[in-house]
Amino acid sequence: MTQGPTTVETPWPVAMLSGKIRDYIDRLGTVWIEGEITQWGQSGGNVYGKLKDLTEDATVSFTVWSSVRAKLTNDFKQGDRVIALVKPNYWVKGGTLTMQVFELRHVGLGDMLERLERLRKQLAGEGLFDASRKIRLPFLPHCIGLVTGKDSDAEKDVLRNAQLRWPAVTFRVVHAAVQGDRMVSEVTAAIKRLDADPEVDVIIVARGGGDFQNLLGFSDEGLVRAAAACRTPLVSAIGHEADRPLLDEVADLRASTPTDAAKRVVPDVADELNRVQQARARLSTRLTGILSSEVDRIGQLRSRPALSSATWIVDSRSEDLTRYVARGSELVGRVVERADAAVVDLRSQLRALSPQGTLDRGYAIVQLPDGHVVRAPDQAPGGTELRLTLARGSLRAVSK
């Protein structure tokens with residue numbers, strides 16, 4: 001059997017390739033791995049199962065032979081987080097790869113809490129838990145997105161209590177696994193889907209409690225970061241008081257139970273109507289008090305002597321008006337009298353300065369034909385025609 005380079009003319013047999021794969025894998029030896037048991041089945045004393053990575057989407061098959069199973073001191077089941085000493089085995093005949101388990105141990109609660117605390121501090125240091133990042137829930141959401149298990153009690157509690165409080169509220173429910181190996185991916189996808197829906201006003205992630213290990217998925221880093229990036233207000237209603245998942249820390253609101261989430265997200269229509277009635281009653285009482293006070297004040301003002309009779313103002317002012325009119329007439333008369341005297345005086349002065357006054361006293365004005373006034377005899381030689389202007393009329397003359 002040749003082991004040279006393969007070509008179209010000299011291909012390797014399947015057995016040769018399988019043998020090479022087996023030999024390569026055998027060289028890996030035994031390794032310790034950690035994961036979550038997603039499948040655990042027994043057959044003929046042997047155990048056949050699957051182990052899933054805690055954070056990534058990766059799964060391997062494993063086998064626990066009856067001889068090893070008999071040495072295990074603890075019981076194992078689906079959902080357990082374990083550490084296993086395994087040796088990869090490639091089965092040439094079937095062409096499958098499986099992990100032969102030599103030791104299997106539960107991951108201690110202390111280890112899980114320590115890892116969870118490290119992640120909590122890391123996310124807190126990045127500011128994902130800061131109160132400043134919290135988004136205020138709308139007063140009355142028209143559409144609520146709900147992420148929960150299908151036909152779960154949590155779903156029924158949220159829907160029933162919300163619709164009892166406000167019958168007009170609507171829901172957009174996205175079912176997802178709330179435990180197991182599909183939980184993280186499905187809940188994360190559901191949150192992103194509802195966050196992208198423009199009609200959804202608030203998102204509730206609900207589950208009816210559970211033990212610590214079953215709720216570890218709600219502390220998954222990828223899920224928590226998806227919730228932190230959510231632009232829609234998000235409410236965590238996991239219902240675990242003792243050990244709060246990290247989703248509670250990053251959510252905009254933490255509810256203790258799904259029922260509590262419904263009550264805190266949706267206002268009670270009866271309570272709101274009662275508040276409106278109380279506000280209206282207070283407003284009516286206040287307005288009635290103000291109006292009564294003003295009516296009393298106006299009554300007091302009208303009862304005062306100054307306002308008891310409507311004619312006293314007219315009577316008192318009419319006397320003032322008569323006095324002011326008489327005073328005005330007197331002042332106007334004096335002004336007119338002084339003005340008349342001034343006019344007479346100015347008239348006298350004007351008449352005294354007027355050429356007409358001089359003419360009235362017997363004088364005449366001698367003018368040449370061109371209108372010039374004759375002031376000396378040499379201006380009018382003999383035979384010069386002259387015009388004499390008198391007080392009344394004029395004469396023509398000839399100089400000698």
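- By the rule that hydrophobic residues join a cluster once side-chain heavy atoms approach within less than 4.5 Å of another member, Val235 and Val250 end up as members of separate clusters.
- Residues Val269 and Leu140 fall within the same hydrophobic cluster, defined by Ile, Leu, Val, Met, Phe, Trp and Tyr side chains chained together at heavy-atom separations under 4.5 Å.
- Counting only distance, with no hydrogens or angles, the side chain of Thr10 and the backbone of Thr6 share no donor-acceptor pair below 3.5 Å.
- Between the side chains of His175 and Glu155, at least one donor N or O sits under 3.5 Å from an acceptor N or O.
- A salt bridge does not link Lys20 to Asp23: none of the charged nitrogens lies less than 4.0 Å from a carboxylate oxygen.
- At most 12 heavy atoms of other shown residues, nucleotides or ligands fall within 6.0 angstrom of atom CD in Glu337.
- Here the NZ-CG distance, from Lys87 to Asn89, works out to 5.0 Å after rounding to the nearest 0.5 Å.
- A heavy-atom distance below 4.5 Å is not found between the side chains of Thr285 and Arg282.
- Residues Leu368 and Leu386 form a side-chain contact, since some pair of their non-hydrogen atoms from C-beta on lies under 4.5 Å apart.
- Taking CD from Gln367 and CD from Gln379, the interatomic distance works out to 12.0 Å, rounded to the nearest 0.5 Å.
- Two residues are said to be in side-chain contact when any heavy atoms from C-beta on lie closer than 4.5 Å; Arg387 and Ser394 meet this criterion.
- Under the 4.0 Å criterion applied to side-chain N and carboxylate O atoms, Asp271 and Arg275 are not assigned as salt-bridge partners.
- Looking only at distances, a side-chain donor or acceptor of Asp260 sits under 3.5 Å from a matching main-chain atom of Ser256.
- Going from atom CD1 of Ile25 over to atom CE of Met99 covers 7.0 Å, rounded to the nearest 0.5 Å.
- In this structure, Lys50 is not positioned above the aromatic face of Trp40 in the sense of NZ or CZ being under 6.0 Å from the six-membered ring centre and within 45° of the axis.
- In this structure, Glu330 pairs ionically with Arg334, as a charged nitrogen and a carboxylate oxygen lie closer than 4.0 Å.
- Atom CZ of residue Arg105 and atom CG of residue Leu72 lie 11.0 Å apart, to the nearest 0.5 angstrom.
- A distance of 6.5 Å separates CZ in Phe62 from CG in Leu104, rounded to the nearest 0.5 Å.
- Ile144 contributes atom CD1, which lies 4.0 Å from atom CZ of Phe171 (distance to the nearest 0.5 angstrom).
- Judged by distance alone, the side chain of Arg133 and the main-chain N or O of Ala228 form a donor-acceptor pair under 3.5 Å.
- In this structure, the side chains of Val205 and Ser236 stay at 4.5 Å or more apart for every pair of heavy atoms.
- Atom CG of Asp75 is surrounded by 12 or fewer heavy atoms from other residues, nucleotides or ligands within 6.0 Å.
- Hydrophobic cluster membership differs between Leu253 and Phe218, with clusters built from Ile, Leu, Val, Met, Phe, Trp and Tyr side chains linked at under 4.5 angstrom.
- Between the side chain of Asp201 and the backbone N or O of His142, at least one donor-acceptor pair lies under 3.5 Å.
- For the pair Glu249 and Arg120, the salt-bridge criterion is met [side-chain N within less than 4.0 Å of a carboxylate O].
- A 4.5 Å side-chain heavy-atom check between Asp195 and Ile203 finds at least one atom pair inside the cut-off.
- Contact check for Asp220 versus Leu216: no side-chain heavy atoms found under the 4.5 Å cut-off.
- Considering only heavy atoms from C-beta on, Glu199 comes within 4.5 Å of Arg172 through its side chain.
- The residues Asp252 and Lys134 are annotated as not salt-bridged, no charged nitrogen and carboxylate oxygen being separated by less than 4.0 angstrom.
- Using a 4.0 Å cut-off between charged side-chain N and carboxylate O, Arg317 and Asp320 make a salt bridge.
- Looking at heavy atoms from C-beta onward, Ser18 lies in side-chain contact with Tyr90 at the 4.5 angstrom threshold.
- Between Arg207 and the options Leu247, Thr257, Thr148, Leu215, a side chain to side chain contact (heavy atoms under 4.5 Å, CB included) holds for only Leu215.
- In summary, the side chains of Asp345 and Gln349 do present a donor paired with an acceptor at a separation below 3.5 Å, with no hydrogens or angles considered.
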